[in-house]
Amino acid sequence: MNLPDQRPALVLLDLDGTLTDSAPGITGSMRAAFEEVGLPSPDDAGLRAMVGPPLLVSLAEQGVPDDRADEVITAYRRHFREHGMLGGNSVFDGIDDALDRLGAAGIPMAVATSKPQRFAREIAEHFGLARHFVGGVDGVFGADDDGGPRSAKADVIAHALASLAERGLAPDVTEIVMVGDREHDVNGAKTHGIPTVAVAWGYADPGEVEEAGAVAVVQSPAELVDLLLVEPAET
C-alpha cells in the first residue's frame, strides 16, 4: 500500500495524539475513575497506552474484568467531561498552520476518531479546529458511546466515508490518506485499503506504527504537509 501519486482527494485525521495532546486529561480522568470504583490503577505507562484505542479494548488490555468495565467507563466519562476533556487538552504546536496550508491547497479534510463523536465535536469546536473540516463540526466523525455498534476505528472510518459520500465527496480509496499516531489508525484504515501516514509526536510505542504498516512516519506537522502536497505525476 502506497501514498497516492498526487495530492490526496481526502485526508482523514485522528484526533487524540495527532491533532490534540489529550493525554493529561485522559490519564488523569482514568486514574480518578479507577480510584472511585476501587480498582488498582495502571501505572503511568499503562494509562498512557489507553490514549487512542477504544475504551473497552484498553480496559481489557489493562486487566479490568468484563463485568466491571461499564462501571469504570461511567466514572471515567464523568471525570473526563467535568475536568479532563478541555482542561487537560491542547492543540499540538504547528497543527493549525498545517491544516491551514492543506486547506489552502484545496485538500478536503475530516476527523475520524475512536473518541465518542459528541465529545470529539465539542473539542474541535472549543479549540477552533472545526473550521478546517468538510462541513465544519459535521466533518468530525467518532465512535458511538461505548456499547454502540460503531466503536472500532474501521467502523468509524466507514461511517465517515458514508457520511461524506452523502454530501457528494466520495473519492476512490486510492486517493484517500489517513493520518494518525497509533496502530489502531493504521489497521482501521488498512481495512478500507487506505494508507496511513503516522505522526511521531503521538502516543505510539517505538516501532508500533511501522510494524502495523504505516507508509511513512513524519516528525512534525510541517513535514506532514510537505509529504501530502506532492506535485501531480507527469504524464
Side-chain angles (χ1 to χ4, degrees), residues 10-27 29-30 33 49-59 69-70 72-74 76-82 84-92 95 99 108-167 169 176-192 194 196 198-199 202-204:
L10 173 65
V11 173
L12 297 174
L13 298 146
D14 178 47
L15 185 62
D16 296 326
T18 300
L19 301 181
T20 62
D21 185 9
S22 54
I26 292 173
T27 57
S29 299
M30 188 57 70
M50 300 180 75
V51 182
L55 268 181
L56 288 172
V57 173
S58 293
L59 291 173
D70 286 345
V72 177
I73 289 171
T74 297
Y76 165 76
R77 290 287 185 227
R78 187 176 67 258
H79 287 287
F80 180 72
R81 183 67 186 83
E82 292 175 356
M85 184 171 74
L86 302 178
N89 203 354
S90 61
V91 178
F92 283 112
I95 287 296
L99 298 183
M109 293 172 283
V111 167
T113 173
S114 294
K115 184 180 294 300
Q117 183 167 288
R118 61 192 176 100
F119 290 162
R121 290 185 170 182
E122 186 170 346
I123 290 166
E125 284 275 38
H126 176 80
F127 289 111
L129 296 173
R131 65 186 179 87
H132 298 290
F133 310 130
V134 178
V137 74
D138 290 336
V140 178
F141 303 97
D144 293 312
D145 288 345
D146 294 290
R150 190 176 71 245
S151 58
K153 194 58 173 261
D155 297 330
V156 173
I157 292 173
H159 169 57
L161 295 179
S163 298
L164 292 170
E166 290 177 356
R167 304 179 203 170
L169 182 60
I176 302 173
V177 174
M178 179 75 205
V179 179
D181 71 309
R182 298 295 308 273
E183 62 181 346
H184 310 278
D185 301 310
V186 181
N187 292 329
K190 191 187 303 181
T191 299
H192 298 280
I194 297 171
T196 298
V199 303
Y203 307 132

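All values below were derived from every heavy atom in this structure, side-chain atoms included, with hydrogens, water molecules and symmetry-related copies excluded.
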Hey, are D14 and K153 close enough for a salt bridge, meaning a charged N less than 4.0 Å from a carboxylate O?
yes
Nearest heavy-atom neighbours spanning G84 and S29
CA-OG, 3.8 Å
Measuring from E122:CD to F127:CZ, what's the distance to the nearest 0.5 Å?
10.0 Å
Kindly give the heavy-atom pair with the smallest separation between A124 and V140, and that separation in Å.
CB-CG2, 3.8 Å
Quick one: does D181's side chain have a donor or acceptor within less than 3.5 Å of a partner on V199's backbone?
no
Before giving the answer on side chain to side chain contact (heavy atoms under 4.5 Å, CB included), spell out for L99 and M109 the whole-Å C-alpha distance, their side-chain angles and the decisive distance to 0.1 Å.
CA-CA 9 Å; L99 298 183; M109 293 172 283; 3.7 Å; yes
Determine, stepwise, if the pair E82 / R77 fulfils salt bridge (Lys or Arg N to Asp or Glu O under 4.0 Å).
CA-CA 8 Å; E82 292 175 356; R77 290 287 185 227; over 6 Å; no
More than 12 non-hydrogen atoms from neighbouring residues, nucleotides or ligands closer than 6.0 Å to CZ on R131, yes or no?
yes
Please report the interatomic distance CD1(I157) to CG(D185), rounded to the nearest 0.5 Å.
7.5 Å
Minimal non-hydrogen separation, T113 against A120, with atom names:
CG2-CB, 3.6 Å
Heavy-atom closest pair (A49 atom, S58 atom, distance to 0.1 Å) is O-OG, 4.4 Å
Closest non-hydrogen atom pair, S22 against G17
OG-N, 4.4 Å
Does L161 reach the side chain of L10, with side-chain heavy atoms less than 4.5 Å apart?
yes
F141 versus V111: any side-chain heavy-atom pair under 4.5 Å?
no
For the pair I26 and K115, evaluate side chain to side chain contact (heavy atoms under 4.5 Å, CB included) and give the outcome as yes or no after the intermediate values.
CA-CA 11 Å; I26 292 173; K115 184 180 294 300; 4.0 Å; yes
Thinking salt bridges, do D138 and R121 make one under a 4.0 Å N-O criterion?
yes
Between Y76 (side chain) and L55 (backbone), is there a donor-acceptor pair under 3.5 Å?
no
Do any N or O atoms from the side chain of T196 and from the backbone of A198 form a donor-acceptor pair under 3.5 angstrom?
no
Yes or no on side chain to side chain contact (heavy atoms under 4.5 Å, CB included) for F80 and M30, after CA distance, side-chain angles and deciding distance?
CA-CA 8 Å; F80 180 72; M30 188 57 70; over 6 Å; no
Say whether, by atom type as modelled, one donor and one acceptor occur between the side chain of R182 and the main chain of V51 under 3.5 angstrom.
yes
Between L59 and M50, is any pair of side-chain heavy atoms under 4.5 Å apart?
yes
Can you list the steps and then say if D144 with D155 is a side chain to side chain contact (heavy atoms under 4.5 Å, CB included)?
CA-CA 10 Å; D144 293 312; D155 297 330; over 6 Å; no
Approximate separation, where rounding is to 0.5 Å, of K190 NZ and I194 CD1
13.0 Å
Could you tell me which non-hydrogen atom of A130 sits nearest to which non-hydrogen atom of E125, and how far apart they are?
CB-OE1, 4.0 Å
Taken to the nearest 0.5 Å, the spacing of I95 CD1 from L13 CG works out to 8.0 Å
Between R150 (side chain) and H159 (backbone), is there a donor-acceptor pair under 3.5 Å?
no
V11, L12, L169 screened by side-chain contact (heavy atoms from CB on, under 4.5 Å) with P108, the one that passes:
L169
So how far is it from L19 CG to H132 NE2, rounded to the nearest 0.5 Å?
9.0 Å
With side chains defined as the heavy atoms from C-beta onward, is the minimum distance between I73 and L56 less than 4.5 Å?
yes
Do R167 and V134 have side-chain heavy atoms sitting under 4.5 Å apart?
yes
Quick one: pull up CG in D21 and CG in D16 and give me the separation to the nearest 0.5 Å.
9.5 Å
